[in-house]
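Before any comments, here is the structure.
Values in this document were obtained by computation on a predicted structure and should not be read as measured data. Below, chain A is the first sequence line, B the second, and so on; all start at residue 1. Computed over heavy atoms, backbone and side chain alike; hydrogens, waters and symmetry mates excluded.
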2 protein chains.
Amino acid sequence: MTRPTARVLALLELLQAGGTRTVVDLAERLGVDQRTVRRYVEQLREMDIPVDGVRGRYGGYRLARHYRMPPLMLNDEEGLAVVWALLVNQHAHSGPVTPLVMETATAKVRRVLPAALARRIDAVLRAVDFTGERRPGAEDHDDAEARPGADEGAQTLLGLAEAARDQRPVAFAYRTRQGHAATRHVQPHGIVAYRNLLYLTGFDADRQAQRTYRLDRMADLRLLPGTFEAPANIDPVAQVLGPLSAAPSRYDVSVLIRADPAYVRRWIPETLGSVAPASPPDAADGHDWLQVFLRAERLEWVAGTLAMLDRPFIIQQPETLKTVVLALGRRLAERSAQ
Amino acid sequence: MTRPTARVLALLELLQAGGTRTVVDLAERLGVDQRTVRRYVEQLREMDIPVDGVRGRYGGYRLARHYRMPPLMLNDEEGLAVVWALLVNQHAHSGPVTPLVMETATAKVRRVLPAALARRIDAVLRAVDFTGERRPGAEDHDDAEARPGADEGAQTLLGLAEAARDQRPVAFAYRTRQGHAATRHVQPHGIVAYRNLLYLTGFDADRQAQRTYRLDRMADLRLLPGTFEAPANIDPVAQVLGPLSAAPSRYDVSVLIRADPAYVRRWIPETLGSVAPASPPDAADGHDWLQVFLRAERLEWVAGTLAMLDRPFIIQQPETLKTVVLALGRRLAERSAQ
DNA sequence: TTAATACAGGTCATATTCCGCCCGGAAATG
DNA sequence: CATTTCCGGGCGGAATATGACCTGTATTAA
């Protein structure tokens with residue numbers, strides 16, 4: 001019992017006995033100074049063990065009653081669902097928490113599962129190999145970028161959600177795309193999960209306008225005093241998806257493509273364009289043609305997609321797209337000749 | 001985690017996750033020297049915590065099976081991690097269990113969380129909108145297909161994992177790509193999660209050959225009597241990825257591309273090809289060029305990808321690819337003229 | 001057999017931490 | 001109001017933890 005670690009553990013055991021104990025009492029039993037007992041309590045709290053301090057006469061320290069997880073009565077499928085979900089997320093690393101947290105959470109959950117189920121699930125964990133693939137779908141984002149707020153991701157999400165629910169304005173440091181950091185004052189409306197990223201929509205008090213923010217670019221979230229009135233008709237999803245598909249300097253593209261709808265859909269997600277059967281301009285062959293509308297930031301991307309599809313197409317709009325496709329065709333021809 | 005005390009307890013937590021861990025692993029996780037980890041183990045042993053040391057290759061430290069520290073409550077981040085993972089999986093519907101099971105599991109987990117945390121997480125669930133996105137990355141599979149075995153997916157996975165661990169042969173009904181159903185007798189070796197699908201690798205007793213099966217096409221899994229000897233060198237991952245990237249009628253493609261590696265990686269996943277910096281053939285500009293090797297089933301796909309990338313490239317191999325790219329370029333030019 | 005892996009543990013110089021002892025403060029009780 | 005109890009800052013010296021380096025040994029694969 002000469003080591004601090006052992007004493008902290010002993011303190012935990014004392015508290016686990018139940019009831020409320022004063023610092024004086026604890027200090028005597030552990031053979032250390034009262035101040036040291038307080039420091040130990042501090043340590044336990046840092047380990048997320050909820051030690052309540054009751055002030056005043058008849059006060060003392062006590063353990064919050066639900067510091068142990070009650071046994072989770074999950075059946076086989078449910079137990080697997082929980083562990084599996086954690087595992088997949090850990091590998092994909094989407095969402096607001098780090099893989100490390102996923103791991104400790106998995107361990108804790110596993111420990112409260114019924115022994116028989118735990119053993120079965122261990123077999124699964126050992127048998128299954130996850131390929132090292134990254135989750136695709138990051139085309140729209142610069143993923144190379146570091147995530148400085150990754151550790152506090154959970155707190156940011158929890159805090160924003162509560163603020164939105166309670167209609168309380170928030171402030172946070174925001175790193176813009178250019179790397180500048182600045183403080184934003186926002187009335188949070190909703191949070192949208194899209195393509196493995198989280199976005200906050202809200203009303204920017206400084207700019208007096210609706211804005212969208214990426215949660216992984218936020219830091220130092222804090223509540224501001226007061227409340228706000230949430231506007232009636234807000235659609236956070238539309239607000240997030242809108243700018244992504246209908247950006248300021250956008251092109252409305254209209255093309256006919258002779259292909260299978262499902263095939264086309266592999267390259268043009270729903271959020272970017274519509275795909276519908278169409279009758280061809282010349283009545284030669286009566287079907288197979290699709291009318292595709294889409295909005296794009298760059299016509300080069302559209303040209304590339306048309307090339308990737310490698311199906312007959314007819315460009316209707318805009319005229320410029322024809323030039324871009326022609327240019328791409330020439331570049332390809334040229335390069336292939338080398 | 002700067003305190004020694006906290007680190008010792010953290011080590012205990014790590015060991016409680018189960019399994020055997022090496023000192024190197026533990027030292028990295030705790031951020032201390034290996035010697036220090038050994039000292040920590042010593043401390044735990046002094047506290048009568050039975051830490052077994054397993055020597056030799058595949059050795060490591062492990063907790064004696066009986067010892068169980070009371071499972072601590074999930075903290076904010078961990079609670080969020082569990083619920084979030086379930087939620088994401090529910091929407092993406094990957095893995096072996098149905099969304100309905102996800103839902104009941106989520107409800108049960110939510111109920112054991114401390115009230116304060118449960119309230120915070122409820123706020124998150126209410127605030128976050130999931131866009132209706134399907135998980136991308138399904139290009140290789142026919143996802144439209146129904147999943148008849150979805151309900152028993154969990155049992156199939158659990159059963160196969162146990163069979164693989166215990167080296168017991170199994171039988172199951174298998175629906176082939178053409179829709180035929182037939183019974184297979186297999187010695188299960190490993191399970192691989194790839195692109196949201198699960199694959200079993202094993203030795204087909206009837207065909208006397210290594211085979212790969214999709215778990216979502218299996219039904220009526222049952223154990224067969226007897227055991228089998230698992231071959232020494234099996235690599236389930238390679239066996240699953242092999243046929244996908246190195247198909248029978250394949251092309252070895254070698255190109256130089258002048259672009260950013262991360263940019264190229266968006267279109268060429270790791271499983272399909274390698275990307276490495278290269279010196280250009282003409283020493284004109286000394287950098288920026290990447291040497292890309294990839295294997296493809298169809299050269300048209302390679303040509304489309306080169307078009308999509310829209311960066312300067314030089315085709316090295318195969319000669320045929322030049323023709324294909326040239327043809328694509330001409331088609332594009334032609335179509336854009338209409 | 002040899003090589004590789006991984007636990008076991010000694011020693012020593014140097015940080016770092018821990019501890020007890022101050023202190024003033026805040027909250028509950030009566 | 002006084003009392004009890006938690007709360008936590010600061011300080012200096014003692015105790016401890018740490019990393020670097022080293023030798024040894026058990027186990028397994030080739």
Side-chain angles (χ1 to χ4, degrees), chain A residues 1-12 14-15 17-65 67 126, chain B residues 1-65 67 167 189 229-235:
Chain A
M1 180 65 79
T2 173
R3 257 178 257 280
T5 313
R7 283 193 297 256
V8 172
L9 219 53
L11 170 61
L12 177 57
L14 281 173
L15 290 174
T20 311
R21 310 186 101 102
T22 68
V23 169
V24 181
D25 178 17
L26 294 168
E28 269 175 22
R29 281 170 197 273
L30 296 175
V32 294
D33 191 79
Q34 299 178 24
R35 184 72 224 324
T36 301
V37 172
R38 294 187 198 289
R39 279 192 270 249
Y40 287 173
V41 169
E42 203 177 329
Q43 285 197 43
L44 289 178
R45 283 175 176 159
E46 272 175 28
M47 290 190 268
D48 297 309
I49 294 169
V51 183
D52 284 351
V54 184
R55 294 182 166 199
R57 191 175 271 190
Y58 311 127
Y61 285 114
R62 102 164 77 100
L63 228 47
R65 47 234 131 275
Y67 109 100
R126 232 175 305 137
Chain B
M1 181 68 80
T2 174
R3 260 179 269 281
T5 314
R7 282 194 298 255
V8 175
L9 271 318
L11 169 62
L12 182 54
E13 281 268 316
L14 280 174
L15 290 174
Q16 276 180 37
T20 311
R21 310 190 96 107
T22 67
V23 169
V24 180
D25 179 20
L26 294 168
E28 266 174 27
R29 282 169 196 275
L30 296 174
V32 296
D33 191 81
Q34 301 179 26
R35 186 68 239 275
T36 301
V37 172
R38 294 186 198 289
R39 279 192 271 249
Y40 286 171
V41 169
E42 205 178 328
Q43 281 196 46
L44 290 177
R45 284 172 174 159
E46 275 174 26
M47 289 189 262
D48 295 317
I49 293 168
V51 183
D52 285 350
V54 182
R55 294 187 165 199
R57 191 176 271 196
Y58 307 129
Y61 286 115
R62 111 167 58 108
L63 224 50
R65 41 241 130 262
Y67 186 79
Q167 313 203 328
H189 294 159
E229 205 60 38
N233 292 322
I234 43 169
D235 183 353

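- Side chain of B/Arg21 to main chain of B/Leu15: no donor-acceptor pair is present (N/O by atom type, distance under 3.5 Å, no hydrogens or angles).
- Contact annotation: the side chain of A/Met47 approaches that of A/Val8 to within less than 4.5 Å [non-hydrogen atoms, C-beta and beyond].
- Rounded to 10 degrees, the angle between the two end axes of the helix from C/dT1-D/dA30 to C/dG30-D/dC1 is 60°, with five pairs used at each end.
- Heavy atoms only, all atoms of each residue included: B/Ala6 and A/Gln43 are closest at N-OE1, 4.3 Å.
- Using a 4.0 Å cutoff on non-hydrogen atoms, no part of residues 21-29 of chain B comes near DNA chain D.
- Residue B/Arg3 contributes atom CZ, which lies 17 Å from atom C1' of C/dA15 at whole-angstrom precision.
- For A/Asp33 and D/dA15, the CG to P distance is 16 Å, given to the nearest whole Å.
- Closest of all the heavy-atom pairs between A/Gly53 and A/Arg45 is N-NH2, 3.6 Å.
- Taking CG of B/Leu44 as the reference point, atom OH of B/Tyr61 lies at 10.5 Å (rounded to 0.5 Å).
- Nucleotide C/dC23 holds its P atom 15 Å from the CZ atom of A/Arg35, rounded to whole Å.
- The heavy-atom pair separating A/Val37 from A/Leu11 by the smallest distance is O-CD2, 4.4 Å.
- At whole-Å resolution of the value, CG in A/Leu44 and C1' in D/dC7 are 16 Å apart.
- Taken to the nearest 0.5 Å, the OG1 atom of A/Thr5 stands 11.5 Å off from the CZ atom of B/Arg3.
- Shown here for A/Leu30 and A/Ala10, the closest heavy-atom pair between the two residues is CD2-CB, 3.8 Å.
- To the nearest angstrom, P of C/dG9 lies 16 Å from CD of B/Gln34.
- Considering only side-chain N and O atoms, A/Tyr58 lies nowhere under 4.0 angstrom from the phosphate OP1 or OP2 of D/dC6.
- Using a 4.0 Å heavy-atom cutoff across all strands shown, A/Arg62 reaches no nucleic acid atom at all.
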Evaluate the side chain to side chain contact (heavy atoms under 4.5 Å, CB included) criterion for residues B/Thr20 and B/Asp52: first the C-alpha distance (whole Å), next the side-chain angles of each, then the deciding distance (0.1 Å), finally the verdict. CA-CA 9 Å; B/Thr20 311; B/Asp52 285 350; over 6 Å; no
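- As rounded to whole Å, 12 Å separates atom P of D/dT18 from atom CG of B/Leu11.
- Of the two residues contacting DNA chain C, namely B/Glu42 and A/Gly56, the nearest-nucleotide position lying further toward the 5' end is that of B/Glu42.
- Each of A/Val32 and B/Val41 has a nearest nucleotide on DNA chain C; the 5'-most of these lies closest to B/Val41.
- When the C1' atom of C/dG20 is taken as reference, atom OH of A/Tyr40 falls 11 Å away, rounded to whole Å.
- Side-chain contact between B/Leu9 and A/Leu9 is present, with at least one heavy-atom pair separated by less than 4.5 Å.
- Within the structure, a side-chain polar atom (N or O) of B/Arg7 is placed less than 4.0 Å from OP1 or OP2 of D/dT18.
- Checking A/Arg39 against A/Arg55, the closest nucleotide of DNA chain D that is more toward the 5' end is the one next to A/Arg55.
- For the pair A/Val54 and A/Thr5, both in contact range of DNA chain D, the more 5′-proximal nearest nucleotide belongs to A/Val54.
- B/Arg38 has its CZ atom 15 Å from the P atom of C/dT5, to the nearest Å.
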